[in-house]
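Here's the structure we're looking at; comments come further down.
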Amino acid sequence: MKRWMLACLWVISSVVSGATTMPDTAVQPVTEQVSSITALNLIALCFCIYLLWALGRYLYLRPRHSDKEQSAKYKWQVYQNLATSLDAKNYTILSRHLYPSQLEALSLDCVVLSPFGVFVVVVIDQKGLIAVETDSQVWPCRYKNKTHYLANPLSAAAQRASTLASVLNTPFGVRWIVVFPDEAEFSPTRPADCCTVSEVALDILRYTRCQFSHEQTRLFEQAVLAYGDHHKRLSA
């Protein structure tokens with residue numbers, strides 16, 4: 001984009017200098033000079049139109065890129081919290097940062113496999129005061145004096161957990177956790193299956209009853225990765 005801007009400025013300056021300065025000895029006829037200036041004007045106009053279009057597109061897409069970067073930041077923070085707080089001997093963390101295509105096939109941000117359960121981690125980038133309405137399809141959220149409406153994250157997380165349970169072929173032991181930024185507040189109370197970024201590891205560690213063997217968790221890991229690879233081949 002910078003090269004196009006420089007080229008546009010160069011063309012415009014050429015047109016301006018060509019229109020204001022005339023050579024001492026005119027070799028070409030006046031009509032040819034006029035047509036040459038007209039052609040340069042047309043080129044400059046096209047470059048200006050492109051420049052305006054590129055600038056408008058940049059301004060339009062900039063908030064979306066910013067939202068994606070912020071969401072990716074929270075997901076990375078969740079992974080860092082889990083990786084530093086959970087024992088690698090008992091917990092296997094499958095994050096979209098490590099396995100992008102495999103987890104994307106299941107619409108998952110992160111999965112934690114352990115003998116104490118399989119945990120589907122869904123990261124929601126929503127700050128402010130969140131009105132929890134478990135029976136509603138949307139939750140009103142108040143942030144910076146504006147009201148936003150968030151699709152019920154518990155319903156989405158439960159659906160993803162159900163899908164993962166079918167892939168793992170297990171009727172029990174698959175739970176879900178919805179993670180919000182630390183700046184989020186809940187009204188009237190925070191649901192049991194919701195937590196903040198700094199609390200996600202503690203929320204998993206509270207489960208201490210064994211549900212699976214270590215061999216089963218390794219089979220679960222293979223099943224998740226194999227499903228993602230199969231889905232990737234079908235999409236190719």
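Sequential numbering from 1 along the given sequence is applied to the chain's residues. All values below come from the heavy atoms of this structure, side chains included, with hydrogens, waters and symmetry mates left out.
Side-chain atoms of P181 and D125, non-hydrogen and from C-beta on, do get closer than 4.5 Å to each other. With a 4.5 Å cut-off on side-chain heavy atoms, R209 and Q211 count as touching. The side-chain heavy atoms of L106 and Y227, taken from C-beta on, include a pair separated by under 4.5 Å. The closest side-chain heavy-atom distance from D193 to V178 is not below 4.5 Å. The side-chain heavy atoms of V138 and L150, taken from C-beta on, include no pair separated by under 4.5 Å. You'll find the side chain of V132 reaches within 4.5 Å of the side chain of W139, heavy atoms only. Side-chain atoms of V179 and I124, non-hydrogen and from C-beta on, never get closer than 4.5 Å to each other. The closest side-chain heavy-atom distance from E133 to P140 is below 4.5 Å.
For F186, the ring-ring contact (aromatic ring centres under 6.0 Å, His included) criterion is met by F180, not counting sequence neighbours.
Under the 4.5 Å side-chain heavy-atom criterion for grouping Ile, Leu, Val, Met, Phe, Trp and Tyr, L168 is not connected to L219 through any hydrophobic cluster. At a threshold of 4.5 Å between side-chain heavy atoms, the hydrophobic network of Ile, Leu, Val, Met, Phe, Trp and Tyr places I130 and Y149 in two separate groups. Residues L205 and I93 fall within the same hydrophobic cluster, defined by Ile, Leu, Val, Met, Phe, Trp and Tyr side chains chained together at heavy-atom separations under 4.5 Å. Tracing side-chain contacts under 4.5 Å through hydrophobic residues (I, L, V, M, F, W, Y), one reaches L108 starting from L86; they form part of the same cluster.
Between the side chain of D182 and the main chain of S198, a donor-acceptor pair closer than 3.5 Å is present. In this structure, the side chain of Q216 engages the main chain of S213 through a donor-acceptor pair within 3.5 Å. Checked by atom type and distance alone, the side chain of S162 never pairs as donor or acceptor with a backbone atom of A158 at under 3.5 Å. At least one donor-acceptor pair under 3.5 Å links the side chain of S166 to the backbone N or O of T163.
Checking N90 against S114 by side-chain atom types alone, no donor-acceptor pair falls below 3.5 Å. R160 and S107 form no side-chain donor-acceptor contact under 3.5 Å, judged by distance and modelled atom types alone.
Contact record, V120 with A161: CG2-CA, 3.9 Å, taken as the closest heavy-atom pair. Between A157 and V122, the shortest heavy-atom contact is CB-CG2, 3.9 Å.
Pairs engaging residues 109-118 under the salt bridge (charged side-chain N to carboxylate O under 4.0 Å, His left out) rule: K75-D109 [sequence neighbours left out]. Residues in residues 194-207 take part in these salt bridge (charged side-chain N to carboxylate O under 4.0 Å, His left out) pairs, two or more places apart or across chains: R190-E199, D203-R206.
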TODO: Take V224 and L103 through the side-chain contact (heavy atoms from CB on, under 4.5 Å) test and state the conclusion after the steps.
DONE: CA-CA 8 Å; V224 172; L103 293 192; 4.0 Å; yes
- [ ] Might you work through the side-chain contact (heavy atoms from CB on, under 4.5 Å) test for V123 and V200, ending with a clear yes or no?
- [x] CA-CA 10 Å; V123 182; V200 59; over 6 Å; no
TODO: Please lay out, stage by stage, how V118 and V111 fare under the test side-chain contact (heavy atoms from CB on, under 4.5 Å).
DONE: CA-CA 7 Å; V118 175; V111 178; 4.0 Å; yes
Task: side-chain contact (heavy atoms from CB on, under 4.5 Å) between C195 and I177, worked out - done: CA-CA 7 Å; C195 67; I177 302 174; 3.6 Å; yes
- [ ] Report the C-alpha distance between E221 and R218 in whole Å, list the side-chain angles of each, state the deciding distance to 0.1 Å, and finish with yes or no for salt bridge (charged side-chain N to carboxylate O under 4.0 Å, His left out).
- [x] CA-CA 5 Å; E221 179 181 4; R218 285 192 290 269; over 6 Å; no
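Note that CZ of F220 is 4.5 Å distant from OG1 of T170, once rounded to the nearest 0.5 Å. Here the straight-line distance linking atom CG of D135 with atom CG of N152 works out to 8.5 Å at 0.5 Å rounding. Separation of atoms CZ (R142) and OG (S187) is listed at 13.5 Å; rounding is to 0.5 Å. For the atom pair L129 CG and E183 CD, the distance stands at 14.0 Å (nearest 0.5 Å). To the nearest 0.5 Å, the span separating CH2 on W76 from NE2 on H97 amounts to 6.0 Å. Taken from CD in Q77 to OG1 in T196, the straight-line distance is 11.0 Å, to the nearest 0.5 Å.
Taking the ring centroids of Y207 and F119, they lie under the 6.0 Å cut-off. For Y74 and Y79, the distance between ring centers is not under 6.0 angstrom.
Ring-plane geometry between Y91 and F116 is classed as tilted, the angle between the planes lying from 30 to 60 degrees on a 0 to 90 degree scale.
For N169, the CG atom sits in a loose shell: 12 or fewer heavy atoms of surrounding residues, nucleotides or ligands are nearer than 6.0 Å.
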